[in-house]
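Here the structure comes first, spelled out in C-alpha cells, and everything after it is commentary.
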Amino acid sequence: MTPAIGKRVHMEPQTIHREDIVRWINDFAQVVAVNRDHLTELDAAIGDGDHGVNMDRGFRAVAAKLPSVGDKDIAQILKTTGMTLVSTVGGASGPLYGAFFLQEALSSAGKEELSLTDWIAMLEAALNGIIARGKAAIGDKTMLDALAPALQALKDAAIRNATLAEALTQSADAAQDGMQATIPLVARKGRASYLGERSAGHIDPGAASMYLLLKTAASTLASG
Amino acid sequence: MTPAIGKRVHMEPQTIHREDIVRWINDFAQVVAVNRDHLTELDAAIGDGDHGVNMDRGFRAVAAKLPSVGDKDIAQILKTTGMTLVSTVGGASGPLYGAFFLQEALSSAGKEELSLTDWIAMLEAALNGIIARGKAAIGDKTMLDALAPALQALKDAAIRNATLAEALTQSADAAQDGMQATIPLVARKGRASYLGERSAGHIDPGAASMYLLLKTAASTLASG
Amino acid sequence: MKKLINRADDVVRESLEGFAAAHAGMVRVNFDPIYVARIDAPVRGKVGVISGGGSGHEPLHCGYVGMGMLDAACPGAIFTSPTPDQMLEASKAVDGGAGVLHIIKNYTGDLMNFEMAAELARSEGIEIDTVIIDDDVAVTNSLYTAGRRGVGLTVLAEKITGAAAEERRSLKEVGDICRQVKDWGRSMGMALTSCTAPHIGHAMFELPDDEMEIGIGIHGEPGRKRMPVQPADEITDMLMEPIISDLPYRRGDEVLLFVNGMGGTPLSELYIVYRRAAEIAAQHGLKVVRSLVGPYITSLEMAGCSITLLKMDETLLKLWDAPIKTPGLRWGI
Amino acid sequence: MKKLINRADDVVRESLEGFAAAHAGMVRVNFDPIYVARIDAPVRGKVGVISGGGSGHEPLHCGYVGMGMLDAACPGAIFTSPTPDQMLEASKAVDGGAGVLHIIKNYTGDLMNFEMAAELARSEGIEIDTVIIDDDVAVTNSLYTAGRRGVGLTVLAEKITGAAAEERRSLKEVGDICRQVKDWGRSMGMALTSCTAPHIGHAMFELPDDEMEIGIGIHGEPGRKRMPVQPADEITDMLMEPIISDLPYRRGDEVLLFVNGMGGTPLSELYIVYRRAAEIAAQHGLKVVRSLVGPYITSLEMAGCSITLLKMDETLLKLWDAPIKTPGLRWGI
Ligand SMILES: Nc1ncnc2c1ncn2[C@@H]1O[C@H](COP(=O)(O)OP(=O)(O)O)[C@@H](O)[C@H]1O
Ligand SMILES: Nc1ncnc2c1ncn2[C@@H]1O[C@H](COP(=O)(O)OP(=O)(O)O)[C@@H](O)[C@H]1O
Ligand SMILES: [Mg+2]
Ligand SMILES: [Mg+2]
Ligand SMILES: [Mg+2]
Ligand SMILES: [Mg+2]
C-alpha cells in the first residue's frame with residue numbers, strides 16, 4: 001500500500017511556496033465561513049458566543065486583502081494576514097491569531113520556500129507569540145491545547161523522517177486530539193474561566209478554530 | 001307551582017334593610033375576590049388587565065371599612081362604600097363604581113328601609129351618575145350595558161307587581177344578558193376602544209363585574 | 001413571570017421607598033396618600049405643575065419631579081390611574097399661591113380621577129387648570145374611541161411646562177404653553193414583545209416570535225394592527241409617516257425628535273431608529289434642532305419604541321434648554 | 001430573534017450613525033477606524049481619558065464621551081473588544097500633550113488589544129498610562145481565572161477619572177485617582193433572562209422560567225451558579241454579602257451605592273433592589289452619600305441587575321459631583 005519512496009518524492013511536494021501559503025489562508029477563510037455558526041455555538045456555551053463571527057470577520061478581510069500582496073514574499077503575506085486580523089477581529093482571538101501570523105512572518109523572513117523544518121520553526125514561533133501575548137499555559141483550555149500537540153507531532157514526524165504531507169496530516173490529527181482533550185478541562189484563561197467547573201464538558205472554541213487552521217494546512221499544503 | 005300570594009308575602013321580604021345592604025356589599029367583596037383573575041383576564045384581552053385587581057383592591061378596602069359604619073344608616077353605608085372605592089380603585093372603574101354608590105347614597109338619603117321602588121330609583125341614580133362621569137352611551141361596550149337592561153327589567157317587574165325577589169332575579173338575568181350582549185360590540189369608550197374592531201368578540205370586563213354586583217344583590221337581598 | 005420584586009402587591013410602595021432613599025436630596029415621598037413632591041415644595045408664587053398616572057412607565061412621572069419640571073407626581077397602581085385623593089393632596093402640597101396645573105394623559109380613568117381631584121381642590125380654594133395630552137396618532141377615529149391616547153409627548157410637555165412655571169409665569173400662561181406643546185406634538189409606537197404586569201403574572205398579550213404590534217399604547221394594550229416583523233428602517237417609516245402627515249409640518253419647521261424605548265429595547269436599537277427617523281425628517285425638510293433618545297416613558301420591560309415629533313419655536317426651545325434637575329432628566333444644573 | 005435592527009452586521013455602525021446625529025453637539029464619530037471623541041478634542045494640556053470595549057453595553061462607553069468624563073471611546077463589535085488601531089487613533093485624537101489614560105475592563109481580549117494599542121501609541125511618542133478595572137467579586141478564584149471581570153465600577157471610574165483630568169491633573173495623578181476607584185469599589189450581578197446578540201440570533205444561554213443566574217458578567221456569559229428565582233430582597237442579600245465582605249468596609253465608611261440595570265429590567269424593579277441594598281448598607285454602618293440607579297452598563301436586553309459599592313472620600317466625592325456633560329450622564333452643566 002505504501003508507495004515506493006522514489007515515487008513518493010515526485011508525487012508529494014517537500015516544500016511550501018508562496019502560492020501555497022496564499023491558498024492555505026484563502027482556503028481557511030472558506031473553512032471559517034462554513035464553520036462560523038459552529039464556532040459561535042461552541043463559544044456561546046462557555047464564552048460570549050462570538051468566536052465564529054470574529055474569525056469570519058477577520059478572514060473575510062484577509063481574503064479581500066491578499067490579492068494586493070499576492071506578488072510579495074511569504075513573510076509579507078503572513079505579516080499582512082496578521083496585521084489584518086489584529087485590526088479587524090478584536091476580542092481575544094484577534095491579537096492571538098494576529099500574533100500567530102506575525103510571528104510566522106518574522107520566522108519566515110527572507111524565505112522563498114519553506115521546508116518541513118522551516119514550518120516547524122514557524123509554528124514554534126507562533127506558539128511562543130501566543131503565549132507571550134496571552135500568558136496561558138498548556139492545559140488552560142485555549143487554542144494552545146490544539147497548537148502545542150500539533151507542533152509536537154510535527155517534530156516527531158521530522159525525527160521519523162516523515163514526508164511533509166505525512167507530517168502535516170499527523171499535526172492536524174494531533175490538533176484534533178488536542179481539541180477533543182479540551183472537553184474535560186476547566187478553563188483558566190479567557191472568558192470561559194469565569195464559569196469555573198461549569199466550563200468542563202465543552203470543546204474550547206479557540207482550540208476548534210486552531211484545529212481547523214492546521215487541518216486546512218494539511219489538506220492544502222500537502223496536496224501541493 | 002306558584003306559591004299562594006298570602007304565603008309569599010311572609011316568606012320573602014319586600015324591603016331591604018341596613019343589614020341587607022351591608023351583607024350585599026360584603027358578599028360582593030367575596031365574589032370579586034373569587035372572580036378577580038377572571039375579571040383580570042377579560043380586561044387583559046381588550047384593556048390593560050387590571051379590572052379584577054382594581055375591584056378587588058377596592059372592595060377589600062370597603063369590607064375593611066364597613067364595620068366602622070355598621071351602625072350608620074343606609075345612605076351613610078353606601079356613601080362610605082363609594083368614597084372608599086374612589087380613593088382606592090383608581091382607573092376608570094374607581095370613579096364609576098364610586099359614582100354608582102355615591103349616587104345610590106344620595107338617592108336613599110334618610111331612608112330606614114328600601115322598597116322595590118326605592119331600589120329602582122337608586123339604580124336609576126347610579127346609572128345617571130355613571131353616565132355623567134363617564135359620558136358613555138348604551139352600546140359603547142361598558143358596564144352600562146349590564147346596568148341599563150337590569151334597571152329596565154326592574155321597572156318591568158314593578159309594573160307586573162313582581163315580588164322584590166323576582167324583580168332582583170330578573171334584573172340579574174337581564175344584566176347577564178346585557179353582559180353577554182357586549183361580546184359582539186365594538187368598544188367606543190375606555191381603553192378597549194383603542195382596539196377598534198379587534199375589541200369585538202370579548203365580554204366587557206366592567207359589564208361582567210356589574211353583572212356580578214347585581215347577581216349578588218339578587219342572591220343576598222332576595223333571601224333576606 | 002420573573003421579576004426583581006418581593007410581592008406583587010408591594011411593588012409600587014417598595015419601589016417608591018427605594019426611589020425616596022436614592023433621591024432624598026431632590027424629592028420627598030408621601031405614602032398616604034401616595035405622591036412624590038419636589039423637596040422644596042410649595043415654591044411660593046410659582047405655579048405648581050403636577051401629573052400622574054398608572055405606575056409601570058418609569059421614569060415617568062415620579063422621575064420627573066424636581067426643579068424645572070414637575071412639582072409633584074401621583075403614581076397609581078401598575079397601569080391604573082391614581083385616585084383623586086392623591087391628586088388633591090399633591091395639589092395642596094405644591095400650591096404656592098399661584099394655582100396648580102394638572103397635566104393628564106388622555107385615558108378614561110386618568111381623566112375621571114383628575115376631574116374629581118380638580119373639583120375637590122377647587123372647592124378647597126386652589127385654582128386648577130388642566131391640560132390633556134393626546135398625541136397618539138395610532139388612534140385614528142377619535143370620534144368612536146376615548147380619543148387619542150397620551151404617550152411620548154407627555155415627557156416633553158412636562159419638561160417644557162415645568163420650565164415655564166419656573167419662570168414664574170401665570171397659571172394661564174403656563175397652561176397655554178402646555179396646550180401649545182399638546183397641539184404641536186405627535187407620537188406613534190410599536191412593540192416587539194408584550195410586557196408582564198406583576199399582578200397578572202404573564203404577558204399581557206401573546207405575540208408570536210415573528211410578529212410585532214404597530215400602534216400600541218403604553219399599558220400593554222395590544223396595538224391597532226399586527227404584522228410580520230420588519231427591518232428597523234421600515235418600522236421607522238411606518239411610525240413616521242402617520243406622524244408627519246397628521247400635523248401639517250412644513251418644510252423649514254424646526255422640530256424636536258424623541259425616540260423613546262418601551263423598557264426592554266437596547267439603547268443601540270433606539271439609535272438605529274433615530275438614524276432613520278432623522279433621515280425621514282430631513283427628507284421632509286424638517287430641521288431637527290433637539291433630540292432625546294432613551295427609555296423615558298416605558299411599559300415595564302416591553303421591547304419596542306415610540307417616536308415623538310414636536311414642532312419648536314423660540315419659546316419652546318428656550319424652555320426645553322432651561323436647567324432641570326430631576327432623577328430622570330437633568331441638565332444645566 | 002426580534003430586534004429593531006436592519007442587518008446584524010450593520011448594528012454597530014448604524015447605531016453610531018444615529019448616535020452621532022442625536023448628539024452632534026457633544027461628540028464626533030470617526031468611522032474608520034471607529035471611535036467616538038468629544039467634540040472639542042484634543043483639549044490642550046489635559047490628560048486624555050479613553051476607554052472602550054465590546055458594543056452591547058450602551059450607554060457604556062460611547063455615551064460617556066464628553067466634558068467631564070471620557071475624551072474618546074472605542075466600540076468593538078457586539079461583546080467583542082475593539083482592535084488596537086481604534087485605540088491608537090483615539091489616543092492620537094485626544095492627546096492634548098499631557099498623555100492619555102486607558103481605562104480597561106479586565107477581559108482577556110480587551111487587555112491584549114489595549115496593550116497592543118499602548119505599544120503602538122508609545123512608539124508614536126504618546127505617553128500612556130493604563131488602569132484595569134476588575135471589580136466583579138463573583139469571580140472568586142482569580143488565580144485560576146483571567147481574574148475578576150470589569151463591570152459596574154467602570155462607569156464610576158470613568159466619571160471620577162474624567163473629572164480629575166478636567167482639573168488638569170497630571171497623567172500620574174489622573175491614573176492614581178482611577179487606581180483608587182479600582183481599589184475601593186466592588187460589584188456583583190445577576191440575570192433573570194439571557195440576552196440575544198444580533199449575530200447569534202438566539203438567547204446566549206437558556207434559563208428556565210423559574211431560575212436565575214447569580215454572578216454573571218456583562219456579555220451574556222452564564223454566571224457562576226444557577227438557582228431558583230428568589231424574592232428581590234433575598235437576591236439583593238446574595239449580591240451585597242460578597243461585596244461587603246470582600247472589601248473591608250468599616251462602620252462609618254461613606255459609600256456610593258450604584259444599582260445598575262442590565263437592559264431589560266424596569267426601573268421600578270431597580271429601585272426595589274436599591275431599597276434593600278441601602279438597608280443592608282445601613283445595617284453595616286455604611287453611610288450612603290451618593291446613589292446611581294439605572295441602566296448604565298447593560299447586556300443588550302438582559303433582565304437583571306448588578307450592585308456596585310464604592311467607598312468615597314472627600315476627593316472622590318468632589319470629583320463625582322463635578323459637572324459632566326455626556327449623552328449618558330449629565331449634571332451641573
Ligand atoms: N490568554 C489566552 N491565551 C490563549 N488563548 C486564549 C486566551 N484567552 C482566550 N483564548 C482563546 O480565545 C478563544 C476565544 O476567542 P473569541 O471568542 O474570539 O474572543 P473573546 O473571548 O474575546 O470573545 C478561546 O476559546 C481561547 O481558545
Ligand atoms: N366612559 C366609561 N363609561 C362607563 N364605563 C366605562 C367607561 N370607560 C370604561 N368603562 C368601564 O370600565 C371598565 C374597565 O375598568 P378598569 O379596567 O378597572 O379601568 P381601566 O380601563 O382604567 O384599566 C371597562 O370594562 C368598562 O366597562
Ligand atoms: Mg468569544
Ligand atoms: Mg383595566
Ligand atoms: Mg388600568
Ligand atoms: Mg467576545
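Chain identifiers are assigned alphabetically (A, B, ...) following the order of the sequence lines, protein sequences preceding nucleic acid strands; residue numbering begins at 1 within each chain. Predicted model only: the values in this text are computed from it and were never measured.
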Check the surroundings of atom [atom1] in [X]: do more than 12 heavy atoms from other residues, nucleotides or ligands lie under 6.0 Å from it?
{"X": "Met238(C)", "atom1": "CE", "answer": "yes"}
{"X": "Lys182(C)", "atom1": "NZ", "answer": "yes"}
{"X": "Lys65(B)", "atom1": "NZ", "answer": "no"}

Roughly how far, to the nearest 0.5 Å, is the [atom2] atom of [Y] from the [atom1] atom of [X]?
{"X": "Ser87(B)", "Y": "Leu88(C)", "atom1": "OG", "atom2": "CG", "answer": "11.5 Å"}
{"X": "His199(C)", "Y": "Asp56(B)", "atom1": "NE2", "atom2": "CG", "answer": "11.5 Å"}
{"X": "Ile200(C)", "Y": "Asp37(B)", "atom1": "CD1", "atom2": "CG", "answer": "9.5 Å"}
{"X": "Phe205(C)", "Y": "Leu195(B)", "atom1": "CZ", "atom2": "CG", "answer": "10.0 Å"}

Which of Val86(B), Thr40(B), Val53(B) touches chain C most, by non-hydrogen pairs under 4.5 Å: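 That would be Val86(B).
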
Closest approach of [X] to [Y] (non-hydrogen atoms, all atoms of both residues):
{"X": "Met204(C)", "Y": "Gly49(B)", "answer": "CE-N, 4.3 Å"}
{"X": "Ala146(C)", "Y": "Ser193(B)", "answer": "N-OG, 3.0 Å"}
{"X": "Asp48(B)", "Y": "Phe79(C)", "answer": "OD2-O, 2.8 Å"}
{"X": "Pro95(B)", "Y": "Met116(C)", "answer": "CB-SD, 3.7 Å"}
{"X": "Gly147(C)", "Y": "Tyr194(B)", "answer": "O-CE2, 2.9 Å"}

Can you tell which part of Leu111(C) gets under 4.5 Å to a heavy atom of chain B, answering side chain, backbone, both or neither?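 Leu111(C) has no heavy atom closer than 4.5 Å to chain B.
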
Can you say whether Asn113(C) sits under 4.5 Å from chain B via the side chain, the backbone, both, or neither, judging by heavy atoms?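 Its backbone and side chain both get close to chain B.
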
Mark yes or no for whether Thr83(C), through its side chain, and Thr88(B), through its backbone, hold a donor-acceptor pair below 3.5 Å.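 Not at all, since once roles are kept as given, no pair shorter than 3.5 Å links the two residues.
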
Heavy atoms only, distances under 4.5 angstrom: which of [options] has the most pairs with chain B? Name it, please.
{"options": "Gly54(C), Gly109(C), Gly53(C), Ala138(C)", "answer": "Gly109(C)"}
{"options": "Pro82(C), Pro84(C), Gly76(C), Ala8(C)", "answer": "Pro84(C)"}
{"options": "Asp85(C), Asp110(C), Asp136(C), Ile78(C)", "answer": "Asp85(C)"}

Counting only heavy atoms closer than 4.5 Å, note whether [X] contacts chain C via side chain, backbone, both or neither.
{"X": "Val89(B)", "answer": "backbone"}
{"X": "Ala187(B)", "answer": "backbone"}
{"X": "Asn54(B)", "answer": "side chain"}

Counterpart residues, side chain to side chain donor-acceptor pair (under 3.5 Å), relative to Ser306(C) (two or more places apart):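 In terms of side chain to side chain donor-acceptor pair (under 3.5 Å), with neighbours along the sequence ignored, Ser306(C) is linked to Asn260(C).
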
Evaluate the side-chain contact (heavy atoms from CB on, under 4.5 Å) criterion for residues Glu41(B) and His202(C): first the C-alpha distance (whole Å), next the side-chain angles of each, then the deciding distance (0.1 Å), finally the verdict. CA-CA 10 Å; Glu41(B) 291 298 322; His202(C) 59 76; 3.1 Å; yes

For a 4.5 angstrom cut-off between non-hydrogen side-chain atoms, does Arg191(B) reach Arg149(C)?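 No, every pair of side-chain atoms sits at 4.5 Å or beyond.
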
Quick check: do Arg57(B) and Thr80(C) have side-chain heavy atoms less than 4.5 Å from each other?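 Yes; the side chains approach each other to less than 4.5 Å.
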
Part of residues 112-127 of chain B lying next to chain C, heavy-atom separation under 4.5 Å: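 Under the 4.5 Å heavy-atom cut-off, nothing qualifies.
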
